Amino acid sequence: MRGGTYACSSTITVPAGSNGTSGARTTLSAHPGEKPVLNFPGQSESSSNRGIQLNADFGHLYGLTVEHAGDNGIYVGGSNNVIERVVTAYNRGTGLRLGRISPSTPSSQWPSNNLVVSSESHDDKDSTGENADGFASKLTTGTGNVFRCDVSRNNRPTRAPSAR
């Protein structure tokens, strides 16, 4: 992708079955030296309003920024993916989350062996005060997922002021 800001209104999904291979990954990448920003400002806060949803296996996301999604900036439901040098920011849920594709996905197909490397997640927060992680691999994930050299900062829930 070329640099610049792209206004997006709905989730960008790489569907299950659109798999690459270990030697030829399906890639969504920044053009060398450029910074594409996928901006989702019109999405309302909802668990179905994600920025990018990567359900395929053997994918590679590189050099992208995903911001202002209604839930997770990037949601990974596939396996054997590499997410590298991405930034998630100002999302209304976890910046980058790994989890099953749907409630009916059997545990043998939960995301496994994903690598998230040299990425950053900041300023993610939701209105309930429950889901403001920068990165999350919890509840419905398989084995072998690795987070390496990642930075999470200033991710917090929004809390109502206390009564005095």
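Note: hydrogens, waters and symmetry copies are ignored here, and every other heavy atom, side chains too, is used. Worth saying up front: this structure is predicted, and the values here are computed from it rather than measured.
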| said: Side chains of S121 and D124 only: does a donor on one sit below 3.5 Å from an acceptor on the other? | reply: yes
| Any side-chain donor paired with an acceptor under 3.5 Å for S44 and S46? | no
| query | By salt bridge (Lys or Arg N to Asp or Glu O under 4.0 Å), which residues pair with E45, not counting sequence neighbours? | reply | none
| said: Under a 3.5 Å cutoff, is there a donor and acceptor pairing between the side chains of N154 and H122? | reply: no
| For the hydrophobic clusters of this structure (ILVMFWY residues joined by side-chain heavy atoms under 4.5 Å, transitively), does one cluster hold both V87 and I52? | no
| query | What about V86 and V66, same hydrophobic cluster or not, with Ile/Leu/Val/Met/Phe/Trp/Tyr joined at side-chain heavy-atom distances under 4.5 Å? | reply | yes
| request: In plain terms, say whether E120 and R153 are close enough for a salt bridge, that is, a side-chain N and a carboxylate O under 4.0 Å apart. | output: yes
| query | Does N55 reach the main-chain N or O of G78 with its side chain, forming a donor-acceptor pair under 3.5 Å? | reply | no
| query | Please walk me through it: do H68 and F40 pass ring-ring contact (aromatic ring centres under 6.0 Å, His included)? | reply | CA-CA 5 Å; H68 297 111; F40 295 83; 9.5 Å; no
| Pair N155-S152, side-chain donor/acceptor within less than 3.5 Å | yes
| said: Any donor-acceptor pair under 3.5 Å linking the side-chain atoms of N49 with those of D71? | reply: no
| query | Taking a hydrophobic cluster as the set of Ile, Leu, Val, Met, Phe, Trp and Tyr residues connected by side-chain heavy atoms closer than 4.5 Å, whether directly or through intermediates, do F58 and L98 fall within one such cluster? | reply | no
| task | Applying salt bridge (Lys or Arg N to Asp or Glu O under 4.0 Å), name anything that partners R148, two or more places apart in sequence or on another chain. | result | none
